[in-house]
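Notes for the one structure printed next.
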Amino acid sequence: MKQRYLLVFIILCLLSAADLNAQGVEKFLQNSQVSGNFEFDGMYYNKDSLIGAADVPQKALMNTFANINYTNGPFSAGLRFENYLYALQGFDPRYKGIGVPYRYVSFEKDKFTITLGNSYDQFGSGLIYRAWQDFSLGYDNSLDGLNVKVRPWKGITLKGIWGLQRFYFTRSPGVIRGADAEFSINDMFKKLNDKSLKVTVGGSFVSKYQDANDAVYKLPKNVGSYAARASILYKNFSINGEYAHKINDPSAINNRIYKPGNATLVQMTYAKKGMGFYVAAIRTDNMSYKTDRDAIGSDLNINYIPAISKQTTYSLPAMYPYATQANGEFGFQAQSTFTFKKKSKLGGKYGTTFSLTYSQYNTINKEQIDDATPIDSTGTLGYASNFFKIGKQVNYQNFNLEFSKKVSKTFKMIFSYFYIMYNANIIEGHDIPNICSHTGIADLTFTINPKNSIRTEFQYMYTTQGEGSWMYALVEYTIAPKWFFSVCDQYNYGNPKSEKQIHYYGVSTAYSIGSTRIALNYGRQRAGIFCVGGVCRFVPAANGLTLTLTSSF
Amino acid sequence: MKKILLSISMLLMSLSLLMAQENNQNTGILGLKKIPAVELKNLEGKTINTGDTINNGKPVIISFWATWCKPCVNELTTIEDVYEDWQKETGVKIIAVSIDDSKTSGNVKALVNGKGWDYEVWLDVNSEFKRAMNVNLVPHTFVLNGKGEIVWQHTSFSQGSELNLIEVVRKVAKGEKVE
């Protein structure tokens with residue numbers, strides 16, 4: 001009874017306050033904003049023993065989420081519902097059921113932004129801390145706890161984090177604590193505001209705590225890491241780099257060795273209108289960093305090691321993507337893009353663009369710590385590594401040459417060539433020879449009239465290893481801006497096993513209106529690795545009907 | 001009981017008050033949305049606040065893209081051909097927000113220059129702005145009016161969609177209502 005009186009009292013108070021101050025209500029409503037987005041991915045599965053698609057007992061599976069955000073001036077709050085009934089094939093089965101794994105409240109006051117609940121953030125390029133999410137990848141390591149940002153002075157940003165990680169529908173066993181500081185020198189001093197030399201420096205510290213009671217080994221309960229970074233811009237030239245270090249952290253990933261870890265990332269760009277050069281190098285050494293020392297795969301990552309190789313969406317070369325090897329790798333990438341201007345000799349009427357990319361990943365140098373101890377022996381320092389010596393084994397190579405040109409008002413073309421060397425032994429752990437492939441692509445767009453166009457893609461991949469050669473053809477018809485239809489076939493004609501020379505056909509249609517898009521796809525999907533940013537998931541072979549609905553408001 | 005009746009009547013009163021005001025609302029819960037404020041870096045390394053997006057009363061196009069997204073690059077390349085004409089006609093400014101993370105963000109500057117694009121480019125390396133704007137997929141394009149309010153949005157790109165986009169921008173530039 002008391003509770004009811006209290007409720008009435010509160011309502012009365014609120015309403016009278018609102019009523020007395022109608023302008024206040026108006027202002028409150030004007031400042032209030034509600035927004036959100038939604039995605040539904042559902043699939044009906046057919047059994048298809050030819051491609052190896054398993055029988056799905058539920059017949060149909062679905063992944064869905066909806067975000068709702070509310071903001072009112074300095075205040076904001078939000079949450080995300082997620083449903084997996086049950087999760088689509090290729091997603092971790094621990095995504096199961098219905099829940100609200102993400103919710104937060106946040107407010108800005110004076111120079112502080114304080115967020116309680118779940119947050120996403122990254123320090124520098126993420127070498128020691130990155131909380132991020134990708135629904136299509138089934139990846140989410142948001143931090144549930146506290147995130148504080150302070151801007152005490154123009155050009156200075158300080159951040160602090162403290163919390164647990166999201167782990168499917170539970171939380172991590174270990175706690176993360178961290179701090180980051182960034183100084184944009186030119187923003188800090190008025191005199192330097194308009195100088196053409198721009199310098200930013202930063203540093204961060206992260207520590208995780210996980211209890212340990214190992215009968216054999218004395219394991220560190222607190223594992224600290226730090227990173228320092230700098231970025232320099234001068235006219236058309238820029239360079240940035242970050243170095244990270246982590247103390248000893250024996251884990252399931254590194255075979256429980258006591259060696260400290262480190263990572264270095266350097267990127268350089270030279271760019272002016274019509275041309276751009278980019279060079280990047282990364283070296284990581286025993287840098288897997290997780291809130292659970294027993295976690296494997298991409299579970300419970302605290303940091304993010306980017307895979308700096310060309311990311312392509314063309315389906316045949318995308319068959320062999322690179323996946324980050326946290327135990328140690330040396331990667332290098334160089335890319336250049338040129339555009340010959342419109343109405344120039346080489347540019348023609350509409351200009352011509354060339355781009356050239358090369359990337360390569362090697363192992364790092366690893367030597368025995370002494371004659372009696374094999375490399376990576378549990379309970380030892382594992383190995384010694386010379387920073388400047390690159391490992392002899394090549395994990396991955398990718399060379400790409402692309403040429404794109406608009407020929408006339410009604411015809412555009414892109415030609416692309418890929419050479420990819422894929423070390424399946426290192427990347428997938430399959431003991432098979434390296435797969436070397438050559439792929440040629442013609443991507444042609446014909447405009448029939450301003451609203452109707454046809455795009456075709458022809459891809460041909462030659463290889464004698466792995467599953468052998470492939471052909472691919474796609475025809476898309478679009479009625480801008482709403483309708484989309486496509487038919488494609490991916491044919492493994494060169495498979496050494498004749499019964500595996502299979503056609504993976506597909507038909508799809510999509511309708512977009514405003515921010516809503518509905519897409520239907522029917523066909524076969526080959527088994528493969530789906531990667532974003534070096535994080536990958538395995539997608540098993542499937543045959544069926546997929547419905548995707550996305551919307552935002 | 002009396003108190004309950006009283007509270008119900010007050011609730012109704014307040015609701016009617018709100019309803020009466022609905023016609024005057026043009027922002028907030030009952031109207032157009034403003035751009036959420038997020039701090040990002042541009043290609044020159046300068047920190048910008050997305051909440052300050054205005055263009056002297058002229059329309060703004062915000063296009064979310066990534067270097068690895070073919071239709072996104074296709075959209076921005078297609079628009080580049082006509083961007084000068086669009087600017088002359090409507091005063092529109094295009095902001096291309098790259099959602100590339102540290103894997104590919106280093107290459108954004110080289111690609112934008114290499115392609116010869118004249119857009120303002122922001123780097124949303126941890127998808128903070130993408131989340132705040134509730135973007136599911138790229139490309140996703142928003143049109144803002146002179147006050148920086150979102151008046152139109154569209155996801156995906158196909159050849160010819162740019163004609164629809166400029167139609168919307170023309171209307172916004174003239175201050176007409178957009179469906």
Side-chain angles (χ1 to χ4, degrees), chain A residues 8 11-12 15 18-19 22 26 29-37 39 67 71 120-122 125-126 132 184 187 198 200 231 233 267 269 271-278 280 306-308 311 313 335 337-339 353 445 447 450-451 453 478 480-481 484 512 514-515 517 533-534 550 552, chain B residues 3-4 6-7 10-11 13-14 17-18 21 24-25 27-31 33-34 36 39 44-47 67-70 77 81 101-104 106-107 109-116 125-128 131-137 140 152-156 158-161 163-165:
Chain A
V8 170
I11 292 172
L12 274 172
L15 288 178
D19 228 340
E26 190 176 349
L29 284 173
Q30 267 187 2
N31 287 335
S32 288
Q33 295 202 356
V34 178
S35 67
N37 60 342
E39 180 166 337
N67 277 306
T71 57
Y120 295 105
D121 207 341
Q122 100 180 28
S125 45
W132 62 293
S184 299
D187 291 339
K198 299 210 178 335
T200 305
S231 135
L233 265 98
Q267 295 172 297
T269 305
K272 64 179 195 185
K273 200 173 175 190
M275 64 152 91
F277 296 97
Y278 165 70
I308 50 164
Q311 193 161 332
T313 47
Q335 185 155 356
T337 309
F338 292 92
T339 297
T353 304
T445 306
T447 309
K451 294 269 166 193
S453 62
T478 51
F484 168 93
S512 304
S515 60
R517 182 177 158 94
T550 56
S552 67
Chain B
K3 274 179 183 164
I4 293 171
L6 185 68
S7 63
M10 286 193 83
L11 184 73
M13 251 169 66
S14 308
L17 187 77
L18 295 183
Q21 279 168 355
N24 306 328
Q25 309 289 343
T27 56
I29 267 178
L30 308 167
K33 287 188 184 108
K34 284 181 204 147
E39 285 193 345
E44 285 71 49
K46 231 183 140 140
T47 304
T67 57
W68 41 261
C69 162
K70 280 271 158 201
T77 307
D81 271 349
D101 72 12
S102 57
K103 175 183 155 76
T104 46
N107 189 29
K109 195 175 182 180
L111 184 84
V112 166
N113 279 282
K115 293 261 182 194
V125 290
N126 206 27
S127 295
E128 213 177 323
R131 256 191 309 279
M133 294 286 278
N134 300 297
V135 170
N136 283 344
L137 308 163
H140 191 125
W152 186 86
Q153 55 179 307
H154 185 77
T155 178
S156 82
S158 49
Q159 207 61 41
S161 295
L163 301 168
N164 198 49
L165 178 63

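A note on names: the letters A, B, ... follow the listed sequences, proteins ahead of strands, and every chain is numbered from 1.
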Chain B heavy atoms under 4.5 Å from [X]: which part of the residue, side chain, backbone, both or neither?
X        : result
A/Leu233 : side chain
A/Gln122 : both
A/Thr200 : side chain
A/Ser512 : both

Counting heavy-atom pairs under 4.5 Å to chain A, which of [options] comes out on top?
options                               : answer
B/Thr67, B/Thr47, B/Asp81             : B/Asp81
B/Cys69, B/Ser161, B/Ala132           : B/Ser161
B/Val135, B/Asn164, B/Thr77, B/Leu163 : B/Asn164

Which answer fits [X], side chain, backbone, both or neither, if we ask what part of it has an atom under 4.5 Å from a heavy atom of chain A?
X        : value
B/Val112 : neither
B/Ser158 : both
B/Leu137 : side chain

Hey, could you give me the CD/OG1 distance between B/Gln159 and A/Thr447, rounded to the nearest 0.5 Å?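 Those atoms lie 4.5 Å apart.
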
Within this structure, what is the OG1-CG distance for the pair A/Thr269 and B/Leu111, rounded to the nearest 0.5 Å?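 Answer rounded to 0.5 Å: 11.0 Å.
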
Donor-acceptor pair, distance only, cut-off 3.5 Å: does the side chain of B/Thr155 make one with the backbone of A/Ser515?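 Judged by distance alone, no pair lies under 3.5 Å.
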
Taking atom NZ as the centre, does B/Lys46 end up with more than 12 heavy-atom neighbours from other residues, nucleotides or ligands that are less than 6.0 angstrom away?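 Counting other residues, nucleotides and ligands, NZ of B/Lys46 stays at 12 neighbours or fewer.
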
Closest heavy-atom pair and its distance - [X], [Y]:
X        : Y        : value
A/Tyr278 : B/Lys103 : OH-O, 4.5 Å
B/Asn126 : A/Tyr120 : ND2-C, 4.0 Å
A/Lys198 : B/Glu44  : CD-O, 3.7 Å
B/Asn113 : A/Ala271 : ND2-CB, 3.4 Å

So, do A/Gln311 and B/Asn107 sit near enough that their side-chain heavy atoms are less than 4.5 Å apart?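 Contact flag for A/Gln311/B/Asn107 side chains = no.
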
For the interface with chain B, which of [options] has the highest count of heavy-atom pairs at distances below 4.5 Å?
options                      : result
A/Ser453, A/Gly126, A/Gly514 : A/Gly514
A/Ser184, A/Ala280, A/Ser35  : A/Ser35
A/Gln267, A/Arg517, A/Met275 : A/Met275

Would you kindly say whether A/Glu39 and B/Asn136 are connected by a side-chain donor-acceptor distance under 3.5 Å?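 No, because no side-chain N or O of A/Glu39 sits under 3.5 Å from a partner of the opposite role on B/Asn136.
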
